[in-house]
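In this text, all values refer to a predicted model and were calculated from it rather than measured experimentally. Per chain, numbering begins at 1; letters A, B, ... match sequence-line order.
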Amino acid sequence: MITNIKNGLDVSTVVQAAVSQHGATHEDLIPILLSVNEQLGYLPTEALSEISHSLRLAHSEIMAVASFYRMLSTEPRGKHVIQFCESAPCHVMGGRQVLRALQEELNLEPGQTSADGQWTLLEISCPGICGVGPVMMIDEDVYGNLVPERLSEILAKYRE
Amino acid sequence: MQAIRSLVLVSGDAESKARGSLKVYEELQREIIKFGLQNEITVTMVEDVGRHDVLPLVIVYPEAVIYGPVTAADVPFLVEEHLYKGRIAAGLQASTKELSGRIAWLSARKGTLPAEQRIVLHRVGLIDPDSIEDYIAHDGYEALGKALNEMSPQEVIEEVISSGLKGRGGAGFPTGLKWKFVAQVDNYPKYIVCNADESEPGTFKDRVILEGDPHSMIESMAIAGYAVGADVGYIYIRGEYKLAQRRMAQAIEQARELGLLGEKIFGSNFNFDIHIHSGAGAYICGEETSLIESIEGKRGEPRSRPPYPTTHGLWDKPTVINNVETLANIPPIIHNGATWFRAFGPKSSPGTKVYTILGNVNVTGLIEVPMGITLREVVAIYARGMKNGKSLKLAQTGGSGGSIFPASLQDTPMDYDSYQRAGVSLGSGALLICNEDTCVVDLAKVLLNFFNQESCGKCTPCRVGVQRALQILTNFSEGTGQPNDIDALQKLSDNLIQLSNCGLGQTAAVPLRDMLNHFRAEVDAHVKLKVCPTGVCQMSGKHVWE
């Protein structure tokens, strides 16, 4: 029995709960991965092995799916995940300047997680909130009509 | 700030021209300049006015006053009275009786707020999306009842075919025909899939429909199921649309409780149920065969076609895949009939289209307008003109499947056929309006960067071609481009269109093709003179001639 504590949760318990919620066929793989990823913050190897056992699918097959989708991560992510939209509509509204300021503020490149584990900065494709671009999401919160000057005030809310 | 105060439309169909509308148009231009109004009033010619007894017509917005027939001799009076003094030019108004087509729709727009006649969005914002009772009180599930009790499956398909409805996801394939293909196949079970993996940059129409009118998806998928002989539907909603997923799940529960999903719906022998499948963050899954792979629990890599999903779809069974907006048209078509539907928009592309207006304009947002409206009308009427009085340089019609098209094409009617003839594509309905401060190379770079991130990597032309194109564009924007790179870009664009396995690679070529077709001088400036005319590109690279 593999047990491992991530985010204070037991990996095996989380996986089994997801499997009994969604089912144990190939079709249920992505919903299971989404649930586990949401609870643990990412998909540790132990979780993938456990899913592989439960669904009777090769570990490589699980890995192929887990590494394909952007909302699934096989690497630990920061406590807060910032998703910045750099699609064309946000870009022409000044998104590039905001992203540059954000990178300076956090000292991170898109795709990186800060050394203290606080932040992960990701570029996402359009989240569909273009009427108020440029847009970013911090965890589940959406911020629109961004200008560089507003960033430190917004980030302060998430800093301890 | 300088917004366009009025927009003047002059009918420009063959009959109007025969009756002198060109003269009226020229005279209007002259008179407007005489009164010094040329900076606040735009005059344009439109086709498809749908009325013949009062031609040539002149229509003034935003008041939507219709004059006709107007002769060149009437113009000085019209301009002085209406455009200069701001009152209706007495005696010239056309009777508004028996107006039809686009003109009828446009004339319903009085004042600044639109009295839009909506089909797809007619309940959005009007009903409580969490209440099935509210939906039913607004004609909800009546079309399903009508289909099940009064029509045979063949009649439903015939009705959809004769409505002329085309797929609103971007490709514009006739919906009724797709249903007919699936209905013809004798292989069960069959599936209905609703493609709600809306990820086109600048598009959020499907989100608004899912969040504002979730029951319309259930009703239309059930109608589709009845028509083709399917009893299971899947709705694939992108992972980021959490609210839409919650509302849809609740709507499905409510429908099951009232027996509108499940067995023997409306006392008929028809059974139907719907499952929600969440996306997990992959743009490619909007491609129909990738979406199928994803529902099956695999990587979202597109399949080779043929065979098409109509015969070999989900679990290799016959499958109808329709976009959210396409499906939202179905209940009104069944409820009101194909003839009613064909009254909106031009003959070749009937109905309305939902657009998202974005970019450097005064008002951004979502609109539903008849097919065939022009970009100029959208900018002047709905977007209230360009922001800060700047001028329109180009519009981009959606992250993929769309085009970058120059201001010179802004009078092209926005419908599938007219756009195809003009060599541009309509895409999913995003209208990103850009002013003269936009650099076309920079814009193409952003678009290619998007495709570079979202290419699934299965086929080489797309995986390598997009990466290479992005590299060349980056060089252009840094001032390190070589003249032969332009030819290379042209070749890459051709290769992407001809050799890519799916629509993603093919449409990644579109911004390249359009940029080279319409903005060659600006590209040349970047490459040959190492200058970005708009000053957007940094040009910070080490120049070869240094």
At their closest point, which heavy atom of B:Ala280 faces which heavy atom of A:Tyr69, and how far apart are they?
O-CB, 3.2 Å

From A:Leu34 atom CG to B:Ser278 atom OG, the distance as rounded to the nearest 0.5 Å
5.0 Å

Per-residue contact mode, B:Cys456 against chain A (heavy atom under 4.5 angstrom)
both

Apply side chain to side chain contact (heavy atoms under 4.5 Å, CB included) to residues A:Met71 and B:Arg238 and explain how you reach the verdict.
CA-CA 10 Å; A:Met71 287 171 74; B:Arg238 79 179 278 201; over 6 Å; no

Do the non-hydrogen side-chain atoms of A:Leu29 and B:Glu296 ever get within less than 4.5 Å of each other?
no

Is there a side chain to side chain contact (heavy atoms under 4.5 Å, CB included) between A:Glu140 and B:Lys242 once you walk through the steps?
CA-CA 9 Å; A:Glu140 300 260 298; B:Lys242 295 266 192 277; 3.9 Å; yes

Taking B:Asn449, B:Leu443, B:Thr438, B:Asp442 one by one, which has the highest count of heavy-atom pairs under 4.5 Å against chain A?
B:Asp442

What do the steps show when you test A:Ile129 against B:Glu240 for side chain to side chain contact (heavy atoms under 4.5 Å, CB included), and what is the final call?
CA-CA 11 Å; A:Ile129 328 162; B:Glu240 289 87 344; over 6 Å; no

Residues two or more places apart in sequence or in another chain: which of them pass ring-ring contact (aromatic ring centres under 6.0 Å, His included) with B:Phe204?
none

Does any heavy atom of chain A fall under 4.5 Å from the side chain of B:Val363, the backbone, both, or neither of them?
neither

Contact part of B:Lys205 toward chain A, heavy-atom cut-off under 4.5 Å: side chain, backbone, both or neither?
neither

Go through the atoms of B:Ile284 and report whether side chain, backbone, both or neither lie under 4.5 Å from a heavy atom of chain A.
side chain

Can you establish whether the number of heavy atoms outside A:Arg159 located under 6.0 Å from its atom CZ is more than 12?
yes

Show, in sequence, the C-alpha distance, side-chain angles and deciding distance for A:Glu61 and B:Arg299, and conclude whether the salt bridge (charged side-chain N to carboxylate O under 4.0 Å, His left out) test is met.
CA-CA 9 Å; A:Glu61 207 158 343; B:Arg299 287 164 73 92; over 6 Å; no

Measuring from A:Phe68:CZ to B:Ser294:OG, what's the distance to the nearest 0.5 Å?
8.0 Å

Would B:Val446 and A:Arg96 count as a side chain to side chain contact (heavy atoms under 4.5 Å, CB included) if you check the C-alpha gap in whole Å, the side-chain angles of each, and the deciding distance to 0.1 Å?
CA-CA 10 Å; B:Val446 171; A:Arg96 193 183 34 164; over 6 Å; no

Under 4.5 Å from any heavy atom of chain A - which part of B:Gln453:
side chain

Apply salt bridge (charged side-chain N to carboxylate O under 4.0 Å, His left out) to residues B:Lys298 and A:Glu27 and explain how you reach the verdict.
CA-CA 8 Å; B:Lys298 302 175 195 155; A:Glu27 179 197 346; over 6 Å; no

If one checks every heavy atom of B:Asn435 against chain A at 4.5 Å, the contacting part turns out to be neither

Above 12 or not: heavy atoms from other molecules or residues under 6.0 Å from CG of A:Asn107?
no

Report the option among A:Gly131, A:Ser67, A:Ala66 that has the most heavy-atom pairs separated by less than 4.5 Å from atoms of chain B.
A:Gly131

Looking only at heavy atoms, the pair that brings B:Phe450 and A:Ser87 closest together is CD1-OG, 4.3 Å

Provide the closest heavy-atom pair for A:Cys126 versus B:Pro201 in the form atom of the first, atom of the second, distance.
CB-CA, 3.3 Å

With rounding to the nearest 0.5 Å, note down the distance linking CG in B:Leu358 to SG in A:Cys90.
9.0 Å

To the nearest 0.5 angstrom, please state how far the OH atom of B:Tyr283 sits from the CD1 atom of A:Ile124.
15.0 Å

Relative to chain A, which segment of B:Thr356 carries a heavy atom at a distance below 4.5 Å: side chain, backbone, both, or neither?
neither

Could you tell me which non-hydrogen atom of B:Leu447 sits nearest to which non-hydrogen atom of A:Ala88, and how far apart they are?
CD2-CB, 3.8 Å

Please list all pairs meeting ring-ring contact (aromatic ring centres under 6.0 Å, His included) that have one or both residues in residues 83-131 of chain A, counting only residues at least two apart or in different chains.
A:His80-A:Trp119

